[in-house]
Amino acid sequence: MSNKFGSRPNRKRIHSALTKLFRTINKEPGKRGLIFEINEKDKFVILSDQHKGARDYADDFMFSENNYLHALKYYNNELFHYINLGDSEDLWENLLESVIKHNKATFQAEKMFINRNAFTKIFGNHDLYWDNDPLAGFNLNRIYGKKIPIYEGAILKIKLNNQVLNIFLTHGHQGDLQSDGNWFSKWFVSNVWAPFQSFLRLNPNTPAYDNQLKTLHNKMMYSWVVNQENIVLITGHTHQPVFASLTHLERLYVQLTEAKKNNQKDKVDELLAEINKRIKIGDKAPRFRKYIPRYFNSGCCCFSDGDITGIEIENGKISLIKWSSIETGTSARYVLEQANLSDLIN
């Protein structure tokens with residue numbers, strides 16, 4: 001029910017909004033977004049959708065906070081630039097005062113990046129407040145000790161093979177009729193869904209790889225970027241990790257094809273077991289077309305098992321990563337997928 005009614009993406013609106021934002025950032029850098037001229041030595045981490053709440057049963061972030069704090073400590077020590085890709089605070093379900101009161105540790109961890117001038121905050125639909133409320137600057141100063149700018153997107157420009165690759169980042173709610181400034185949706189989430197979720201103790205954000213077919217919204221994002229020249233699109237919003245235009249289940253099928261081609265029997269058996277396990281819990285086999293590796297989704301930092309996912313850019317590579325404490329009992333970083341940025345050039 002959450003999947004069915006929680007999103008109403010419109011292809012025309014999505015394509016128009018993305019085109020307009022990309023052009024605006026290039027034409028007037030600093031107005032709606034920043035441009036970073038980078039090289040292969042620069043390091044960026046992209047995390048989205050924390051949905052920080054009030055530590056009640058409607059707080060989706062509560063179980064993931066520990067992994068988030070460990071991740072930020074690691075990225076700060078390794079001198080990454082942190083791009084927060086939106087929906088960091090859930091201000092549809094919570095009063096700002098409650099979010100500030102119950103998330104002091106996470107705000108302090110984010111402040112470490114601000115102190116290094118290595119923090120870019122992008123708004124989403126659930127924290128649209130930061131973009132349109134006259135008191136936003138005052139409250140950001142209360143939280144971080146500094147009034148930081150808020151953007152709708154950013155573009156990383158990197159020269160590879162004598163061509164410039166544009167890595168375009170935005171939250172991804174643009175064009176979603178349930179999210180794009182829709183007052184009724186905000187009222188419904190605040191007054192109906194949040195109390196209902198709290199009463200039944202629900203977290204609809206299933207573990208990172210349980211829902212494997214790409215959402216309609218992700219497909220529409222892909223349909224925009226695939227028609228662009230040397231642009232890679234990274235969004236959040238859907239809470240579903242996507243790497244190089246494929247979900248994890250789709251990539252399992254790709255790996256299975258390769259393993260069969262190379263006569264790797266043990267690998268084939270391992271992949272078939274994983275695929276069958278996912279089909280048994282409700283995943284459906286994908287219908288493949290020829291996907292071009294241009295679309296990425298950071299997933300979220302509020303999965304029900306406490307895991308968080310994100311995107312790293314470092315040493316000329318792009319990676320889908322997960323922070324989890326399930327296997328070892330302590331928070332650890334896992335690289336789930338990785339590719340060379342040069343492979344994303346046309």
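F36 and L79 are assigned to two separate hydrophobic clusters, defined by single-linkage of ILVMFWY side chains at heavy-atom distances under 4.5 Å. Cluster membership for V335 and L47, using ILVMFWY side-chain heavy atoms within less than 4.5 angstrom, is shared. The hydrophobic cluster containing M62 does not contain L95, counting ILVMFWY residues as joined when their side-chain heavy atoms lie under 4.5 angstrom apart, directly or transitively. Taking hydrophobic clusters as Ile, Leu, Val, Met, Phe, Trp and Tyr residues chained together by side-chain heavy-atom distances below 4.5 Å, I308 does not share a cluster with M112. The hydrophobic cluster containing I114 also contains Y74, counting ILVMFWY residues as joined when their side-chain heavy atoms lie under 4.5 angstrom apart, directly or transitively.
Within the model, atoms NZ of K111 and CZ of R116 stand 15.0 Å from one another, a figure rounded to the nearest 0.5 Å. One distance of note links CG of L165 with CD1 of I155; it measures 11.5 Å at 0.5 Å rounding. For the atom pair CD (E274) and CG (L256), the distance works out to 12.0 Å, reported to the nearest 0.5 Å. Distance check, rounded to the nearest 0.5 Å: CG of L34 to OH of Y151 gives 4.0 Å.
For the pair Q50 and C301, the tightest heavy-atom approach, listed with the atom from each and the gap, is NE2-SG, 3.5 Å. The shortest non-hydrogen separation linking V99 to D90 is CG2-O, 4.3 Å. Taking all atoms of both residues into account, the shortest heavy-atom contact from S298 to G236 is OG-CA, 3.9 Å. Of all heavy-atom pairs spanning C302 and S64, the tightest one is CA-OG, 3.5 Å. Minimum interatomic distance between L233 and M221 (heavy atoms only, all atoms of both residues): CD2-O, 3.8 Å.
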(request) Could you check S48 against H239 for side chain to side chain donor-acceptor pair (under 3.5 Å), going step by step and ending with a plain yes or no? (result) CA-CA 8 Å; S48 74; H239 295 198; over 6 Å; no
(message) For a side chain to side chain contact (heavy atoms under 4.5 Å, CB included) check, start with the C-alpha distance between I318 and I311, then their side-chain angles and the critical distance, and finish with the verdict.
(response) CA-CA 7 Å; I318 184 168; I311 299 286; 3.7 Å; yes
(request) Give the intermediate values and the outcome of side chain to side chain donor-acceptor pair (under 3.5 Å) for residues Y144 and E110. (result) CA-CA 8 Å; Y144 296 121; E110 291 167 356; 2.6 Å; yes
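Counting only distance, with no hydrogens or angles, the side chain of N263 and the backbone of A259 share no donor-acceptor pair below 3.5 Å. Proximity of a side-chain donor or acceptor of T24 to a complementary backbone N or O of K20 within less than 3.5 Å is detected. The main-chain N or O of L272 is found under 3.5 Å from a side-chain atom of N276 such that the two form a donor-acceptor pair.
Between W323 and T309, the side chains place no donor N or O within less than 3.5 Å of an acceptor N or O (distance only, hydrogens not considered). For N67 and S331, the side-chain atoms include at least one donor-acceptor pair closer than 3.5 Å. Counting only N and O atoms by type, the side chains of T235 and N297 include a donor and acceptor under 3.5 Å apart. Judged by distance alone, the side chains of K147 and N141 never bring a donor and an acceptor atom under 3.5 Å apart. A donor-acceptor pair shorter than 3.5 Å can be found between the side chains of S88 and K52. Checked by atom type, the side-chain pair Y82/N84 shows a donor-acceptor distance below 3.5 Å. Donor-acceptor pairing under 3.5 Å is lacking for the side chains of D87 and H237. Checking Q240 against N218 by side-chain atom types alone, a donor-acceptor pair falls below 3.5 Å. Under 3.5 Å, the side chains of E152 and Q174 contain a donor-acceptor pair of N or O atoms.
Residues F243 and L336 form no side-chain contact, since every pair of their non-hydrogen atoms from C-beta on lies 4.5 Å or further apart. Inter-residue side-chain proximity for E78 and K43 is flagged as met; some heavy-atom pair is nearer than 4.5 Å. The side-chain heavy atoms of I158 and V164, taken from C-beta on, include no pair separated by under 4.5 Å. For the pair K159/E40, no side-chain contact is recorded, criterion being any heavy-atom separation below 4.5 Å from C-beta on.
Taking the side chain to side chain contact (heavy atoms under 4.5 Å, CB included) definition, one finds that N230 meets it with Q163, I345, N346, sequence neighbours left out.
Outside the 6.0 Å centre-distance limit, the rings of H51 and F61 are not counted as a close aromatic pair. In this structure, the ring of Y222 has its center no less than 6.0 angstrom from the ring center of Y295. Residues F119 and H81 keep their aromatic ring centres 6.0 Å or farther apart. For F80 and F113, the ring centers sit 6.0 Å or farther from each other.
Looking at E89 and K121, a side-chain N of the basic residue comes within less than 4.0 Å of a carboxylate O on the acidic one, giving a salt bridge. Under the 4.0 Å criterion applied to side-chain N and carboxylate O atoms, R23 and E28 are not assigned as salt-bridge partners. Taking 4.0 Å as the cut-off between side-chain N and carboxylate O, E97 and R142 count as a salt-bridged pair. Between K322 and E337 no salt bridge is recorded (no basic side-chain N to carboxylate O distance below 4.0 Å).
Sparse packing is recorded around CG of N117, with 12 or fewer heavy atoms of other residues, nucleotides or ligands lying under 6.0 Å away.
Screening residues 128-139 for salt bridge (Lys or Arg N to Asp or Glu O under 4.0 Å), with sequence neighbours left out, gives R32-D131.
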